[in-house]
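Below you'll find the structure I mean.
Predicted model only: the values in this text are computed from it and were never measured.
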Amino acid sequence: MLLKKALLGAIAIGAMLAGSMARAENLETFRVGIIGGENEADRLRNYQCIVDQLPKVLGVKNVKLFPATDYDGVIQGLLGGTLDYAELGASGFAKIYLANPKAVEPILTTVQTDGATGYYSIMVARKDSGIKTLADMKGKKLGFADPDSTSGYLVPVTALPKDIKTSVKDYFSETGFGGGHENLVLAVKDGKFDAGTTFGSGVGKFDEGYTSGNLRKMVDKGIIDMKDFVELWKSPLIPNGPIVVRTSLDSDMKTKFKNFMMELPKSDPACFAATMGGDFKGYTEVNTEFYQPIIDARKAQIGG
C-alpha cells in the first residue's frame, strides 16, 4: 500500500511538473521555423509582422524566428520539438509524419484566388536557350529545388516519367539541386542548369509569375523578369502546403493561433501577403487526410 501511494505520488508530482514546464514554455517564447530557399533577410522581414502581433494574441513574452538554410532544418526542429509553428510544403510534412505521426498537426492551408487549394510544379528554362518544350530537355541538365520540396523534387520525379515515357535518370543527362527555389531559378538564369523545377499557382499570367508562388515572389522583388523564361512543363495539381503546429503545444494556444491566422487575411492583408508570398484568397482548415496522397508518394519514392 505504501509503495502504491509512493508511486501514485511520484506520478502526480511528475504530471504537475510537466504541466508547469509546458505552461512556462508556452508563456515565454513561441518559436517559428522558416524553411530555406529564399534570401534570409527577405524571410525575416516578411515574418516581422507575425513577430509583432503574436505575443499579445498568444500571451507569450516574445516570438522568435528560426530561418533554416534548407527545408530539413525546419523539419528536424519540428521533429525535435524545438519549434512551435512552421509553414511547410506537403512533402516536408510527409517526411515529418513518416518519422513521427504525432510530432505536428496540419491545421490550415492557403486558398488560391480561384478557390483552389492546390498549386503546380513548373519547369522553366531560359528563353534564349532554344529550349521550348519538355522534349527539348532530353539529354540536358535538370535542376531541382530541394530534396524535401514537394514541387521542386517529389512531384517532378513522380509525375515526369509519365510524360517523358522513361525515368528521370535516363531522360536527362544530369540532375542536381539548386539549394532552394529562389537559388534554383537564379541557377537556371545563370546557365548552371538547362531548366529547373519551381512552383506557382498556375492562376493568372506566366509572364507575371502567376498570382503567387516562387516565380511571383522573385518578380515582385525585381530579381527576375519572366520575359527571360519559358515554361516547359506543369505538373498535376499539388495540395497546398500546411501550416503546422507542435502537437504537444497547449490546446488553448493552438486555438488562439489558429483563429489569428484565419483572420489575418482580413485583419492585416499586407502581413498575410508578405508571409505567404503572393495573392491568395485566404486560409482553410486541413488535416492529415488532405495530405495522404503526398505521404504515400513520398514513402514510395523516397522511403521517408
Practice prompt. Answer yes when D42 and R45 have at least one side-chain N-carboxylate O distance shorter than 4.0 Å, and no when they do not.
Written response: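 Judged by the 4.0 Å cut-off on N to carboxylate O distance, D42 and R45 do form a salt bridge.
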Worksheet item: So, are E182 and K221 salt-bridged, with charged N and O less than 4.0 Å apart?
Response: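 Answer for the salt bridge query: yes.
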Item to complete: Decide whether a cation-pi geometry holds between K141 and F193; the criteria are a distance under 6.0 Å from NZ or CZ to the six-membered ring centre and an angle within 45° of the ring axis.
Response: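 Cation-pi check for K141 and F193: passes.
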Discussion item. Please tell me whether S201 and T211 have a donor and an acceptor in their side chains that are separated by less than 3.5 angstrom.
Written reply: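 Yes, a side-chain donor-acceptor pair sits under 3.5 Å.
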Worksheet item: Salt-bridged, K95 to D72, with N to O below 4.0 Å?
Response: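 A salt bridge is present here (some side-chain N lies under 4.0 Å from a carboxylate O).
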Item to complete: Please check if Y120 and I224 belong to a single hydrophobic cluster, counting links between Ile, Leu, Val, Met, Phe, Trp and Tyr side chain heavy atoms closer than 4.5 Å.
Response: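 Hydrophobic grouping puts Y120 with I224.
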Item to complete: Answer with yes or no after comparing the ring centroid distance for F177 and Y153 against a 6.0 Å cut-off, counting only values under it.
Response: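 Between Y153 and F177, which both carry aromatic rings, the centre distance is below 6.0 Å.
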Worksheet item: Between F199 and H181, what is the ring plane arrangement, given parallel below 30°, perpendicular above 60°, and tilted in between?
Response: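 If you compare the ring of F199 with that of H181, the planes turn out perpendicular.
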Worksheet item: Do K256 and D252 meet the salt-bridge criterion of a basic N to acidic O distance under 4.0 Å?
Response: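 Salt bridge: yes.
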Worksheet item: Among side-chain atoms of D170 and S167, is any donor-acceptor pair under 3.5 angstrom?
Response: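 Indeed, the side chains of D170 and S167 share at least one donor-acceptor pair under 3.5 Å.
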Worksheet item: D163 versus W233: any side-chain heavy-atom pair under 4.5 Å?
Response: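 SC-SC contact between D163 and W233 confirmed.
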Fill in: Pair F257 + F30: ring centers closer than 6.0 Å
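So the answer is yes for these two rings.
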Worksheet entry | Lys/Arg-Asp/Glu bridge criterion (N-O < 4.0 Å) met for E174, K140 |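 No, E174 and K140 are not salt-bridged.
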Item to complete: Take the angle between the ring planes of Y97 and F93 and call it parallel below 30°, perpendicular above 60°, tilted in between.
Response: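 It falls in the tilted class, 30° to 60°.
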Worksheet item: Charged N to carboxylate O under 4.0 angstrom, K127 versus D228?
Response: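 No, K127 and D228 are not salt-bridged.
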Worksheet item: CG of L58 to CG of N62: how many Å apart, nearest 0.5 Å?
Response: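 The CG atom of N62 is 11.5 Å from CG of L58, to the nearest 0.5 Å.
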Item to complete: State the CZ-CG distance between F229 and D128, to the nearest 0.5 angstrom.
Response: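 If I round to the nearest 0.5 Å, the distance is 9.5 Å.
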Worksheet item: Between T82 (side chain) and L78 (backbone), is there a donor-acceptor pair under 3.5 Å?
Response: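 Answer holds: no.
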